[in-house]
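Note sheet for the following structure.
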There are 2 protein chains.
Amino acid sequence: MSRRPVRMADVARAAGLSPMTVSRAFRADAAVGKETRARILRIAEEMGYVFDAAASGLRSQRTGFVAVTVPSINNANFADTVNALSRELGRAGLQVLLGYDLYDPAEEEALVEQLLRRRPEAVVVTGGAHTPRTRRLLQAAGTPVIETWDLPERPVRHVVGFSNAACMETMVDHLVARGARAIAFIGGDISDDTRGADRRRGFQTAMRRHGLDASRLLPIGAPPASMATGAAAMAAALDEGLRPDAVIGVSDLAAFGALTECQRRGVRVPQDVMIAGFGAYEIAAVSVPTITTIDPHPAEIGREAGALAVRLLADPAEDRGPIRIEIAPLLRVGGSTS
Amino acid sequence: MSRRPVRMADVARAAGLSPMTVSRAFRADAAVGKETRARILRIAEEMGYVFDAAASGLRSQRTGFVAVTVPSINNANFADTVNALSRELGRAGLQVLLGYDLYDPAEEEALVEQLLRRRPEAVVVTGGAHTPRTRRLLQAAGTPVIETWDLPERPVRHVVGFSNAACMETMVDHLVARGARAIAFIGGDISDDTRGADRRRGFQTAMRRHGLDASRLLPIGAPPASMATGAAAMAAALDEGLRPDAVIGVSDLAAFGALTECQRRGVRVPQDVMIAGFGAYEIAAVSVPTITTIDPHPAEIGREAGALAVRLLADPAEDRGPIRIEIAPLLRVGGSTS
DNA sequence: CTTGTGTTTGTTATCGATACCATACCTTGG
DNA sequence: CCAAGGTATGGTATCGATAACAAACACAAG
C-alpha cells in the first residue's frame with residue numbers, strides 16, 4: 001500500500017532516455033522509434049507506472065474529458081444515449097465525465113459547475129431548460145456545448161434532439177384514428193421535467209386540434225415517472241369514475257403501471273381502454289399485451305451527439321454557427337391499441 | 001467563444017490580493033477573512049472564473065475523484081448503488097468517476113487502467129472476479145480498493161457485498177416449502193457474469209441438498225439478462241416439453257419475461273408454475289401477479305461502500321487490514337409463488 | 001511596554017507532464 | 001562531397017494551482 005512515486009521521469013531514467021521521449025512513447029502519433037516505444041512501454045509496465053492524465057491535461061490543455069449530464073442514470077433511455085455517446089467518444093480517445101441532476105435545475109447548475117471545474121473539452125447536456133446561471137456558465141465555457149433530447153427554441157448552442165410535443169401529437173392522432181375520444185394523459189405535471197411537460201403540452205395541442213376534451217390529466221408528482229406512480233394515477237382515475245377510452249403515459253413505465261392496474265381491476269386492454277406510452281422501453285415490447293409507444297432512438301441521439309462533439313473538436317471552424325440535428329422518433333404500434 | 005484565460009491569479013490581481021489568499025477563499029476550511037472571502041468569490045463570479053480542479057489536484061495530490069466501475073449503467077440495481085454511493089461521497093466533497101465494462105473482464109482491465117490515470121483517491125469496483133493484471137493494478141494503486149456486490153474468497157482488499165449463491169439457496173428453500181420440486185433456473189450460464197454464475201451455483205447447491213434434480217438450466221446467453229431473453233428461455237423450455245413447477249430467473253427481468261411467456265400461452269402463475277426472480281426491481285412489485293424476489297439492498301451497498309471509502313481516506317490507519325461488510329438480502333414473497 | 005497567541009495574508013518552490021525549440025543523425029540527390 | 005530534408009531525441013520553461021514556511025497584524029495578559 002505504498003505511495004506510488006513512479007513518474008514518467010523514473011521510467012525515463014530506467015530506460016536511459018529523456019522524459020520527453022517517454023512522453024512521446026505514450027502518444028500514438030508521436031515520432032518515436034518503434035523499438036524504443038516498445039521498450040519504454042515494457043519498462044513502464046514492469047515498474048508499475050501509470051500515466052498521469054491530470055498532469056498531462058494541465059500542460060497540454062487537453063483533458064480528454066467530455067462532460068455529460070442526464071436527469072437520472074436509472075433510466076434505460078438516457079443510459080442508451082450515454083452508452084452510444086461514450087462509445088463514439090471513446091473512439092476519439094475521449095472519456096465521458098457523467099453527472100446527473102435528478103430533474104432539478106438547481107442541481108443541474110451545481111453539477112455543470114462541478115463538471116466545468118474538470119475542464120472538459122466539450123459539454124453535452126440533456127434538455128434545453130436551464131437556470132440563467134447555467135446558461136452563462138455553458139456559454140462562457142469556451143467549449144462546444146450540445147443539448148440533447150429536446151429542440152429548445154433558444155438553444156445554448158448546438159442541438160441533437162427531437163420534439164417531445166410532436167411525439168405526443170402523433171400518438172393522439174394514432175389513438176383518435178383507432179376510435180378513441182376520451183383520452184387521458186398520465187404525468188408531465190411537474191415543470192422541472194421539461195420533456196415530460198412538453199409531451200403533455202403536445203397531448204393537449206393535439207386533443208384541441210381534434211376538437212376533443214384535453215383536460216383529462218392524471219398527475220403523478222415528482223419525476224421520474226415510474227410503474228408505481230402510473231398505476232396509482234390510473235387507480236385514482238378509475239376510482240373517481242373517470243372512464244377514459246384511452247390513456248397515454250408520459251413514459252412506458254407509467255403506461256405499464258396503468259396497464260397492470262387495469263389487469264388488477266378486470267378492465268380489458270385494449271377493448272375497454274387503450275394504453276400508450278413513450279420511450280420504447282423493453283417493457284413495452286414484452287408486456288402482455290405489448291404497449292404502443294414512441295421510439296425516440298436514444299442510441300442514435302448519443303451517437304450523433306458524440307460524432308458532433310468529435311467533429312467540433314477536430315475542426316473548431318465548424319463551431320461558427322449553431323448546428324441542429326433532428327432525430328425522427330418512430331411510432332411503434334403494440335397490442336395495447338390494436 | 002473566446003478561450004477562458006481567467007486564472008486564479010487574474011482574480012487575485014482584480015481583488016488586490018495574492019493568489020494564495022484567493023486559493024484559500026475557495027476552500028471552506030481555510031483561514032480567510034469572512035468579508036474578504038465574500039469579496040473574492042463575488043469578483044471571481046463576475047470575471048467568469050471557474051476553479052481548475054486538475055491543477056489543484058496535481059499540486060495537492062487530491063483529485064477528489066473516486067473511481068467506480070459497474071458492469072452496466074442500464075441496470076436499476078447498479079444505478080441505485082451508484083446513486084447512494086455518489087450521494088455519500090458528495091457529502092465529503094468527492095466526485096464519482098464512473099465507468100462500465102459490459103460484463104467483460106478484459107474491458108474491466110482497460111477501464112480500471114483508464115480510471116487510475118485520473119488518480120482517483122479510492123476505487124470501488126463491482127464484483128470480485130478480475131484479470132490478474134486488473135488485480136495488480138488495483139493493488140499497486142496505493143488507494144483504498146473496495147469490491148461490491150459479491151463476497152470474493154480472495155478479495156483484493158475491502159468488500160461490501162453479499163453472497164449471490166446464498167440468495168438463491170434461500171429462494172430454492174422457499175419454493176420447495178411451497179411445494180415445488182421440478183425447479184428450473186434461467187440464466188447464469190456465462191461465466192463472465194460472475195454474480196449470475198454464483199446465483200446459478202447456489203441454485204444447484206440447494207437443489208442437491210433437497211435431493212432434487214438440479215439440471216433444469218435454461219441458458220440465455222450473454223449478459224445482461226433481459227425480459228426478452230427470459231421470455232425466450234421460457235418459450236424454449238415449454239416447447240421442449242420441459243414442465244417445471246417453478247422457475248427462478250437470474251434477475252427479475254428474466255423472471256418477468258418468463259411470466260409474460262406463460263401469460264401468452266395460458267400457463268397460469270402460480271397455479272401451473274411458480275416464478276421467482278432476483279433484484280427487487282420495480283417490475284417485481286408492480287406486475288400481475290407480483291414476483292417473488294430477493295432484495296439485495298443496492299442502495300445500502302452504495303451507502304456502506306461510500307461511507308467506508310470516506311472513512312479510509314480520513315484515517316489511513318483504518319486501512320491496516322481488509323474490512324468486510326456483509327449486507328443481508330431480503331426475501332420478498334409475491335403473488336407469483338403464493 | 002513586552003511577550004504570547006491567534007488570525008490573516010504573502011513568498012517561493014513544486015506537483016508531473018508537455019509545448020516549443022534545438023540538435024544529432026541518417027537519407028537522398030545533384 | 002555537400003546541401004536539403006526527414007526522423008529521432010533532448011533541454012528548458014510552463015500549464016494553474018497549493019504546500020510549506022514566513023511574516024504582518026490584532027488583541028489579551030502580565
Side-chain angles (χ1 to χ4, degrees), chain A residues 3-41 43-44 47-65 93 114 116-121 141-142, chain B residues 3-41 43-44 47-65 93 114 116-121 141-142:
Chain A
R3 276 267 155 254
R4 171 202 295 299
V6 186
R7 287 154 318 188
M8 200 174 260
D10 301 321
V11 177
R13 203 169 309 115
L17 292 164
S18 78
M20 203 55 240
T21 304
V22 176
S23 171
R24 291 194 181 97
F26 273 89
R27 275 175 301 178
D29 58 321
V32 186
K34 207 169 144 58
E35 242 170 65
T36 312
R37 164 172 288 136
R39 194 166 62 89
I40 290 174
L41 295 181
I43 291 175
M47 296 178 75
Y49 171 69
V50 176
F51 185 89
D52 188 325
S56 165
L58 175 60
R59 181 62 179 106
S60 67
Q61 303 288 52
R62 297 209 52 218
T63 57
F65 276 134
Q114 278 302 312
L116 288 179
R117 288 177 163 213
R118 302 290 178 180
R119 295 290 184 270
E121 299 185 33
Chain B
R3 276 265 157 256
R4 172 201 295 298
V6 186
R7 286 154 318 189
M8 200 174 259
D10 301 321
V11 177
R13 202 169 312 116
L17 292 164
S18 78
M20 201 57 238
T21 304
V22 177
S23 171
R24 291 193 181 99
F26 273 88
R27 274 175 303 179
D29 57 322
V32 186
K34 206 170 144 59
E35 241 170 67
T36 313
R37 164 171 287 134
R39 194 166 62 91
I40 290 174
L41 294 182
I43 292 176
M47 297 178 75
Y49 170 69
V50 176
F51 186 88
D52 188 327
S56 165
L58 175 60
R59 181 62 179 103
S60 67
Q61 302 288 52
R62 298 208 52 219
T63 57
F65 277 135
Q114 278 301 313
L116 287 179
R117 287 177 163 211
R118 302 290 178 180
R119 295 289 184 270
E121 299 185 34

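Letters A, B, ... mirror the listed sequences (proteins, then strands); counts begin at 1. All of these numbers come straight from a predicted model, not from anything done at the bench. The figures here come from the full heavy-atom set of this structure, side chains too, leaving out hydrogens, waters and symmetry mates.
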### Task
Mind checking B/Arg27 for me? I need base, sugar-phosphate or nothing, with any heavy atom below 4.0 Å counting as a touch.
sugar-phosphate

### Task
Please report, rounded to the nearest Å, how far the C1' atom of D/dT7 is from the NZ atom of A/Lys34.
16 Å

#### Entry: Note, A/Val50 side chain near B/Arg119 side chain (heavy atom, < 4.5 Å)
yes

### Task
Round to a whole Å and report the spacing from CE of A/Met20 to P of C/dA17.
12 Å

### Summary
CG of A/Asp52 to CZ of A/Arg7, rounded to nearest 0.5 Å, is 11.0 Å

### Gap between atoms CD1 and C1', on A/Ile40 and D/dG10 respectively (whole Å)
12 Å

#### Entry: Flag side-chain contact, heavy atom, 4.5 Å: A/Arg118 against A/Thr63
no

### Query
Roughly how far apart are A/Thr36 OG1 and A/Leu41 CG, rounded to 0.5 Å?
10.5 Å

### Enclosure of B/Arg117 CZ (heavy-atom neighbours >12, cutoff 6.0 Å)
yes

Polar-atom pairs under 3.5 Å, protein N or O versus N or O of nucleotides 13-15 of chain C: list them with distances, or write none.
unit_1	atom_1	unit_2	atom_2	d
C/dT14	O2	B/Arg59	NE	2.6
C/dC15	O3'	B/Gln61	NE2	3.3
C/dC15	O2	B/Arg59	N	3.2

### Query
Under 4.0 Å between a side-chain N or O of B/Thr36 and OP1 or OP2 of C/dT8?
no

### Whole-Å distance separating the CG atom of B/Asp52 from the C1' atom of D/dT14
14 Å

### Which residues share a ring-ring contact (aromatic ring centres under 6.0 Å, His included) with A/Phe26, sequence neighbours left out
A/Tyr49, A/Phe51

### Interatomic distance where CZ belongs to A/Arg118 and P belongs to D/dG16 [whole Å]
17 Å

### Test item: B/Arg37 and B/Ile40 side chains (from C-beta on) under 4.5 Å apart, heavy atoms
no

Every protein N/O lying under 3.5 Å from an N/O of nucleotides 22-26 of chain C:
none

Anything under 3.5 Å between a protein N or O and an N or O of nucleotides 23-25 of chain D, put it in a table, one pair a line.
none

### Task
List for me each residue that meets side chain to side chain contact (heavy atoms under 4.5 Å, CB included) alongside A/Arg39, sequence neighbours excluded, and say none if there are none.
A/Ala15, A/Leu17, A/Arg42, A/Ile43

### Query
What is the distance from CZ of A/Arg119 to C1' of D/dA17, rounded to the nearest Å?
11 Å

### Task
Please state how far atom CZ in A/Phe26 lies from atom C1' in C/dA17, giving the value in whole angstrom units.
12 Å

### Task
Could you tell me the separation between the CD atom of B/Glu35 and the P atom of C/dT9, rounded to a whole number of Å?
10 Å

### Query
Under 4.0 Å between a side-chain N/O of B/Ser18 and OP1 or OP2 of C/dT9, yes or no?
no

### Query
Starting at the 5' end of DNA chain C and moving along, which residue's nearest nucleotide shows up first, B/Pro19 or A/Ala9?
B/Pro19

### Query
Residues two or more places apart in sequence or in another chain: which of them pass side chain to side chain donor-acceptor pair (under 3.5 Å) with A/Ser18?
A/Thr21

